[in-house]
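Naming: A, B, ... by sequence-line order, numbering from 1 per chain.
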Amino acid sequence: MNQEPSTPEHEADASEPRGNTGTDWGRLVSTALVGTARRTVPTPPGLPERSENAAALLDLAVVETVRAKAGYVAHTATPIDPDPSDPLPEIGEAQAHRLDVILAGRPELLAEWLDLLVRSGRCVPRTRIPDLLDRAARDRGLRPAVAAAVGTRGVWLAGFNKPWSFITAEPMPGDAFDREAWEQGTPERRRRALRALRAQDPAAGRDLIRKAWPNESRGEARRDLLETLEPTLGPEDEPLLDQALDDGNASVRGRALSLLVGLPEGAHAHRLRGYLRRRLRVVPDAPNPVHLENVDPDDPELLRDLALVAAKTRARAKDPRPQDEHRERHQVLITHTPLDVWTELLDTTPGGVLTRVGEDDLLREAIIDAVGLRGDATWARAVLDHPTIGLPRMVGGSVHDLQRQRIRQLLAPLPVDERCERIRAVIGRTKGKITLCQVLTALATPWTRELSADVVEVLSRSTDRRSPTDTHAHQRLCVIAAEYMPPEHLDLLPENSPNEEEAHEHLRLRDTLRFRLDMHKELS
Amino acid sequence: MVITNVSCVSDRWSTDEVWALAPDASSHKAALKVAKPGSWPASGVIAADGGATSAVWGECKGSGSKPYLAAAHLDGDKGPAYKCSCPSRKIPCKHVLALLALWSQGSVEPAEERPEWVAKWLSGRQSRAERAAGGAAVAPVDPKKAAATLKAREDTVAVGLEELRVWLHDQVDAGLAEVPRLGYEHWDRMAKRLVDAKASGAASLVTQLPQRGGGDHWPDRLLERLGMLHLLVDGYLAREEVDERTRAVLRARVGISTRSEDVLGSGERVHDTWRVLGHNDGLTPDGMRSRRTWLRGADTGRVALVLSYARTGQTPESPFRSGTEAEGELAFHPDGRRAVRTDRMTERACTPPGGGGIDQALDSYAGALADDPWLEEWPVVLDHAVAARTGNGWYVADRNGAALPLETGTLWAVLAATGGRPTTLAAEWSPKAGLAPMTLWDDEGRALAL
């Protein structure tokens, strides 16, 4: 019998003989289609003699139908390979309930919960794994945390369902190089194997990349190979990156350049310093004492080192204004060159450099970009403290997205306490609550108790009347506080809001903090 | 998904079991929002004599001035019952769900005092239950009168089935080739006629005939179904000549049902330790939600089916909890399969039920077909079930490599829970839909309802 799960009523498949009565099901069906008025039906032995043809046909049909059901023959199938590893201990009932509440109504807390879970060394109840994998399939940001939370069981499970295959690329604690995965695995498994190898033996990983490179015809795949260098990037990786600057694919060249920034003592960095030195003119008494000469548009060496395309090979120049092209090259050059070239050339401190480049927007902006890109704490402090461009200035106007991004980059290299202190210092100077909201999101770290207290103070200021904008800003601030304020600072928040019309937001904020507090306690 | 922990002697339900009661995803979500102690200024657990939970009550702060009064009676004779003063039509509503969720996490304390509204509701339920029990015992239905009523009903149905017989023969005589061109009314007229003749079971079999010839192999499918109808008609019209049980099966299939009161009053009673194998839900032809709960007697080996129904938007009652065992009497319908829960049953956690291989499962299905050839689903317990795959899809295999196709609705849940290792699995088998898992037991013997 041909019984396939894909066709539900497998027993109905007419092409196969059914049982051993000698009745041909196909003939029965064709007789039924034509009609028993036009065709006779034989009565096989064992069945009652029927005067009506129709009854005789239906008798045969029912015998065959029941026979097929009752005589269903088992298939054979090979069991799948079981999950070989021992799963991590599962969380308890209360934690599982908390997860359900988050999944149902507070998805914004899922990342934080997963993070706590992973740190607790436990994993989610196995029954929740499919739901979490579905969510991570939709939301890329959740993937690393979900990968850790669902544990080896989740990775094993994802192997059976294509939409979940992303999980097999996520590195897991204790990963070891798996040669079979590297040689025969999916791109995701290959990437994970390579990462594991790089973590243990960077040189062996590099060799693997070098061997695989010529066989990867897709630029994206070559970029992914470069990607795996980042966590353990070292000076020995430079030749590989340098070679990638000649790649035919722009995204490969771009990624190589951004990785080369991490090797300030390399040959590439020295070449960039050289280009910059040769083009900088310092005229001490001029209003703009530092001047950068135009980069030669046809210097192929320079263009290559900056992963740019030469003007003439650019397909019919999308951007025909040469001025903008110069600007772009200057920017790219400055942004990617180590910052020490400035302090040496001008023989001054980072703060001094910022002052001397003065009002030249292009230079200054590019230098600040370089500081953000390199995450250099000394330079970051110099920018943030600078009297005319520092943090107090940045928050004095409205903070647009680009600026928020910049504040975030400049704060990132500093210790958390210092970051919070710097924000506290400017809380009173921000232009309105909306700006404060933007600065606080740029901080992107849990707050110190002092900062929490300051924000609570802003939230609790009583006002007689609020404009719609104020109301909106207040709501935003409550949402941000609910997200970034450590829940153990709940005690700083008064029971009730001094402003009756804000009572609802206030309660919501308290409620979320209390919820998070319980969540932290449960997983500590 | 429901986990029953065997090692835990507490009768408190797991939170998963509570959520399994939610009529739909939105009430689950709504209940999660009220499932925090702060929303329940007053609540309490009422203990039964043995210390187990008899009822849970609570007063929930709502948006209005009056709190919502929610309660659940857990050890009632007919399974759990719920009450809430909120206007929701869902049963249980979000308040009851939230209250039970809090209770399942130990956040509701036992209370000596109980508010008047709780006491009144519980005593009302108690006296109704006594009246029902007493009524059945005191005034048994006059058997002669009952037999006469049944006879009259059987005769009405017989008239309808005679017509169905002629109609069936007409279809086959004329040939089925025309079916794709016939409209819905073609079947519907016959179905309506059967409803008039009080043969609703036969009527829905007619409605379910493939219409407009849709789908592959429709002639095969149609002929199969016409054949099964033919068997029902001929069997029913010969009902005087068959044994009592077969006759009861025929009655049940054409649509002559027996009321639960009558089953409790005079149905066959079987005492056993009934293992609750699990339940699966379905839809009735008229859009009701139905729940098939399967039990198997530990001593008698008898299989019992307990049906519960609910309107759309509600969850059918679960008279038994999957993975437990209930000791006591079940009252059986005349067909010997469908059963009703009786008053005195004690439930407790238990070890996994004994199971067998796939050939045994298929044998038991074939045996059940001999009693009732119209049977669709049948419960099977596999003691070494393991997920398997071929180029055609997913299967469940036994230790000999014999396999049945898996109904994949619960595939990921099964794989996540087992990790591809063998497990005891209770499932419904039907050649049409495949193997539909109900409950599995993990390495530690914990039951997981799927």
Checking [X] against chain B: side chain, backbone, both or neither under 4.5 Å from a heavy atom?
{"X": "A/I80", "result": "both"}
{"X": "A/R98", "result": "neither"}
{"X": "A/D59", "result": "both"}
{"X": "A/A32", "result": "both"}
{"X": "A/V101", "result": "both"}

Is the backbone of B/V242 close enough, under 3.5 Å, to the side chain of B/T246 for a donor and an acceptor to pair up by distance?
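Not at all, since once roles are kept as given, no pair shorter than 3.5 Å links the two residues.
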| task | Can you establish whether the number of heavy atoms outside A/R508 located under 6.0 Å from its atom CZ is more than 12? | result |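 At most 12 heavy atoms, drawn from other residues, nucleotides or ligands, come within 6.0 Å of this atom.
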query = Would one find more than 12 heavy atoms of other residues, nucleotides or ligands at under 6.0 Å from atom CG of A/D491?
reply =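 Enclosed: over 12 neighbouring heavy atoms sit under 6.0 Å from CG of A/D491.
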Pairing of [X] and [Y] as salt bridge, 4.0 angstrom limit:
{"X": "A/R135", "Y": "A/D139", "answer": "no"}
{"X": "A/R122", "Y": "A/E90", "answer": "no"}
{"X": "A/R50", "Y": "B/D234", "answer": "yes"}
{"X": "A/R138", "Y": "A/D134", "answer": "no"}
{"X": "B/D173", "Y": "A/R39", "answer": "no"}

Among [options], which has the most heavy-atom pairs under 4.5 Å with chain B?
{"options": "A/L57, A/V66, A/T78, A/T31", "answer": "A/T78"}
{"options": "A/I129, A/N53, A/D100, A/V150", "answer": "A/D100"}
{"options": "A/T76, A/D81, A/D131, A/N161", "answer": "A/N161"}
{"options": "A/R126, A/R514, A/R153", "answer": "A/R153"}
{"options": "A/L103, A/T36, A/V62", "answer": "A/T36"}

Check: With under 30° as parallel and over 60° as perpendicular, where do the rings of A/Y72 and B/W429 fit, or are they tilted in between?
Finding: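 Ring orientation of A/Y72 relative to B/W429: perpendicular.
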Item to check | Parallel, tilted or perpendicular: ring planes of A/F160 versus A/W156, cut at 30 and 60 degrees | outcome: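 A/F160 and A/W156: perpendicular rings.
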Where does [X] contact chain A at under 4.5 Å (heavy atoms): side chain, backbone, both or neither?
{"X": "B/L223", "result": "both"}
{"X": "B/L375", "result": "backbone"}
{"X": "B/T418", "result": "backbone"}
{"X": "B/I358", "result": "side chain"}

- prompt: Looking at B/D170, B/L231, B/L362, which one has more heavy-atom pairs under 4.5 Å with chain A than the rest?
  reply: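 Among the listed options, the one with the most contacts to chain A is B/L362.
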### When B/G401, B/G38, B/A397, B/S107 are compared by non-hydrogen pairs under 4.5 Å with chain A, the top option
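Answer, by heavy-atom pair count under 4.5 Å with chain A: B/G401.
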